[in-house]
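Have a look at the structure below, then the notes.
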Amino acid sequence: MATDLEVARKIASVNPSTGEILRKLACAGEREVQEAVTRARAVQPAWADLGLRRRIAVVREFQKKLVEKKSEIAAAITREAGKPLAESLVTEVLVVLDAARFLIDNAWSLLGDEVVPHGNLATKLKRGYLVREPHGVIGIISPWNYPFSIPATETLAALVAGNAVVLKPSELTPLVALELASLLHAAGIPKDVFQVVIGEGPAGAALLNSSIDKLVFTGSVATGKWIAAAAAGRLLPVVLELGGKDPMLVLDDADVDVASSAAVWGAFVNAGQACLSVERSYVHRSLYEPFAQSCAAKAKRLRVGNGMDANTDVGPMIHERQVRIVESHIEDAKARGARVLAGGTRLPNLGSSFFAPTVLADVTQNMRIMREETFGPVLPIMAYADDDEAIRLANDSEYGLAASVWTRDSERGERLARRIHAGTVMVNDVISCFGISEAPHGGVKASGVGRTHGCFGLDEMVRLKYVDVDRIPRMKKVWWYGYGESFRRQMDGFLDMQFARSLGTRLRGALRSASAIGRKQL
Ligand code: NAD
């Protein structure tokens with residue numbers, strides 16, 4: 001149903017491999033989005049009151065149901081997002097199962113009250129502790145590239161912390177979001193505690209402008225900046241998980257065979273449409289040519305096709321508009337002197353959204369392929385001379401999501417990792433940190449604000465309240481009114497007693513402080 005003021009707009013969920021329309025769905029209007037949030041707000045207190053133990057039990061039930069339905073869910077993801085079934089299982093279903101495991105194992109200790117010991121002598125007569133409270137209703141806006149694992153991991157963390165959730169999934173993958181809703185509801189999450197509102201950008205904007213208490217957004221930098229500006233107007237807290245241009249640094253002592261296999265997987269997994277990725281590679285000049293040739297040979301061997309075929313390595317891109325971005329980046333690179341070692345073209349015999357895994361050599365830092373997020377199956381390779389240059393090139397980007405360093409010497413890799421400006425740096429691996437449920441996920445610079453996953457992701461789902469309890473309720477505090485010379489001497493002595501370096505000054509301070517203590521009159 002549309003709002004009174006607008007004609008019901010429909011979106012079509014399309015299988016990117018075949019072009020088949022899977023289903024048409026009506027978009028939620030502003031009023032419907034607000035109604036969903038209002039319903040969520042009404043039921044959220046009861047959900048929070050259920051208690052952490054019962055909410056964890058629901059997560060356990062969700063995990064059980066997901067294991068039972070893993071093949072169905074994987075097929076639904078592949079049908080709507082195109083990725084190979086193996087990737088739907090490993091990078092989506094497995095990631096969510098493990099995120100549930102993390103919450104089952106850790107939510108109890110991470111969300112419980114926490115004593116705050118006091119170091120300041122003046123506050124020793126008080127005790128304090130932290131209480132983690134749900135925000136209320138959390139809005140989640142998600143993209144199409146990981147249509148299950150992104151909203152599901154964020155949703156589970158929000159729900160276990162006692163929030164209600166309204167999810168606005170990408171307009172390109174609404175059916176996967178509805179599968180997530182069925183699983184959560186079957187596991188015992190009340191219908192209004194988790195709701196999905198379907199639609200394009202305007203439905204997302206409606207969720208942002210509704211009465212939600214926090215927004216967790218994953219998507220492009222452009223939309224993220226717009227959201228940040230709009231949220232600032234009402235001080236709505238937001239987590240922004242945005243785009244990246246992840247560099248891969250192949251050092252002069254790297255294993256070329258291993259590093260080139262990593263580059264090929266990191267650049268072409270999910271047809272290159274991964275936020276954590278290999279978007280650009282920098283290779284020490286001593287390994288440059290063998291690395292580039294190895295990547296090209298491996299890219300040519302990849303089997304591109306319908307993700308439903310178990311033998312497919314690389315599926316289609318999500319949409320023709322994404323293919324056009326890839327083409328324009330490759331054209332720009334070729335026009336400025338890049339060499340195409342593999343691919344470089346569409347594969348129209350397979351369908352309008354298929355693009356050949358592409359390896360580009362002789363790229364330069366000023367090309368669009370090295371500066372803008374390509375988000376497609378392209379691996380650009382550039383040579384560098386020494387570690388300092390590699391770090392400079394890696395950091396020369398508006399993005400800072402993730403990076404990887406490849407070397408036989410882990411300590412050297414870790415030293416360089418510390419110099420790279422990114423939310424995550426992997427030494428001798430790419431991307432898989434997204435599947436480490438304990439590891440925080442998020443970026444620096446234009447790649448975003450805040451974290452999801454792990455204890456820091458859980459922290460985003462709660463408001464921190466500090467409760468302070470005075471142990472002697474009938475005593476007036478020494479720092480209250482009643483200022484004068486005696487008070488000044490008392491404080492002077494107290495500061496010396498606590499913070500002066502020499503023992504003599506500290507003892508004198510203690511005496512001054514004690515001798516000045518008088519009964520509070522005010
Ligand atoms: P997008 O920004 O176009 O859309 C993301 C979501 O925002 C969609 O649900 C969309 O409908 C909604 N949206 C669009 N305009 C909106 C508006 N004005 N107000 C509110 N919502 C709006 O991004 P996309 O194309 O769906 O996803 C690809 C991008 O997401 C890439 O840049 C990728 O790097 C990024 N991404 C980042 C991460 C991460 O964890 N950092 C993960 C996955 C994808």
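Counting starts at 1 for both ligands and their atoms, in listed order. Residue numbers start at 1 and run along the sequence shown.
Within the 4.0 Å heavy-atom criterion, the part of Phe375 lying near ligand 1 is the side chain and not the backbone. The part of Glu200 lying near ligand 1 is the backbone, judged by heavy-atom distances below 4.0 Å. Contacts of Ala222 with ligand 1, taken as heavy-atom pairs under 4.0 Å, are absent altogether. With a 4.0 Å cut-off on non-hydrogen atoms, Thr218 touches ligand 1 through its backbone as well as its side chain.
Ligand 1 places these atoms under 4.0 Å from at least one heavy atom of Ser142: 6 (C), 8 (C), 9 (O). Within the listing of ligand 1, atoms 42 (C), 43 (C) sit less than 4.0 angstrom from a heavy atom of Ile150. Atoms of ligand 1 found under 4.0 Å from any heavy atom of Asn145, numbered from 1 in the order shown, are 43 (C), 44 (C). Atoms of ligand 1 found under 4.0 Å from any heavy atom of Leu401, numbered from 1 in the order shown, are 41 (N). Within ligand 1, counting atoms from 1 as listed, the ones closer than 4.0 Å to a heavy atom of Pro169 are 9 (O). The atoms of ligand 1 that sit less than 4.0 Å from any heavy atom of Cys275 are 34 (O), 36 (N), 37 (C), 38 (C), 39 (C), 40 (O), 42 (C), 43 (C), 44 (C). Of all atoms in ligand 1, listed by their number and element, those nearer than 4.0 Å to a heavy atom of Ser170 are 9 (O). The distance from ligand 1 to the heavy atoms of Trp144 drops below 4.0 Å at these ligand atoms: 24 (P), 25 (O), 26 (O), 27 (O).
Once rounded to the nearest 0.5 Å, the distance linking CD of Glu179 with CD1 of Ile73 reads 4.5 Å. The line from CD1 of Ile189 to CG of Leu183 is 11.0 Å long, rounded to the nearest 0.5 Å. A distance of 5.5 Å separates CD1 of Ile150 from OG1 of Thr218, quoted to the nearest 0.5 Å.
Between Phe434 and Tyr146, the ring planes lie tilted relative to each other; the angle falls in the 30° to 60° range.
For atom 21 (N) of ligand 1, a protein heavy-atom neighbour is present inside the 4.0 Å cut-off.
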Show the numbers, then the answer: is there a salt bridge (charged side-chain N to carboxylate O under 4.0 Å, His left out) between Arg39 and Asp192? CA-CA 6 Å; Arg39 284 194 299 276; Asp192 289 344; 3.7 Å; yes
Carefully, step by step, assess Glu200 and Arg9 under the rule salt bridge (charged side-chain N to carboxylate O under 4.0 Å, His left out). CA-CA 10 Å; Glu200 300 171 304; Arg9 192 174 145 62; 2.7 Å; yes
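Annotation: atom 40 (O) of ligand 1 to nearest protein heavy atom, His441 NE2, 2.7 Å. Ranking the protein heavy atoms by distance from atom 34 (O) of ligand 1 puts Glu373 OE2, 2.6 Å first. The protein heavy-atom contact nearest to atom 16 (C) of ligand 1 is Thr223 CG2, 3.4 Å. Looking only at heavy atoms of the protein, atom 12 (C) of ligand 1 is closest to Ile141 CG2, 3.7 Å.
Other residues, nucleotides and ligands contribute only 12 or fewer heavy atoms inside 6.0 Å of the CZ atom of Arg418.
For Arg324 and Glu327, the salt-bridge test fails: no basic side-chain N is under 4.0 Å from an acidic carboxylate O. The pair Asp213-Arg41 counts as a salt bridge, with a side-chain nitrogen and a carboxylate oxygen less than 4.0 angstrom apart. The pair Asp459-Arg451 does not meet the salt-bridge criterion, since no charged nitrogen lies less than 4.0 angstrom from a carboxylate oxygen.
Using a 4.0 Å heavy-atom cutoff, Gln322 is absent from the residues neighbouring ligand 1. Residue-ligand proximity: Phe434 is placed with every non-hydrogen atom at 4.0 Å or more from ligand 1.
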Quiz: residues 351-359 side-chain donor-acceptor pairs under 3.5 angstrom, not counting sequence neighbours:
residue	atom	partner	partner atom	Å
Thr358	OG1	Gly344	N	2.7
Thr358	OG1	Ala356	O	2.7

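Among Gly204, Gly199, Gly201, the residue whose heavy atom lies nearest to atom 13 (N) of ligand 1 is Gly201. Nearest residue to atom 2 (O) of ligand 1 from Gly219, Ser149, Ser220, Pro147 is Ser220 (criterion: closest heavy atom). Proximity annotation for atom 27 (O) of ligand 1: of Ala230, Pro143, Ala205, Pro143 comes nearest, heavy atoms only.
Below 3.5 Å of separation, one finds an N or O of Leu242 facing an N or O of ligand 1. Below 3.5 Å of separation, one finds no N or O of Trp226 facing any N or O of ligand 1.
No option in Glu80, Arg79, Glu20, Glu171 other than Glu80 meets the side-chain hydrogen bond (donor to acceptor under 3.5 Å, both in side chains) test with Ser13.
Using a 4.5 Å cut-off on side-chain heavy atoms (C-beta onward), Val93 and Leu66 make contact.
Here side-chain hydrogen bond (donor to acceptor under 3.5 Å, both in side chains) pairs that include residues 439-450, with residues two or more places apart or in two chains, number zero.
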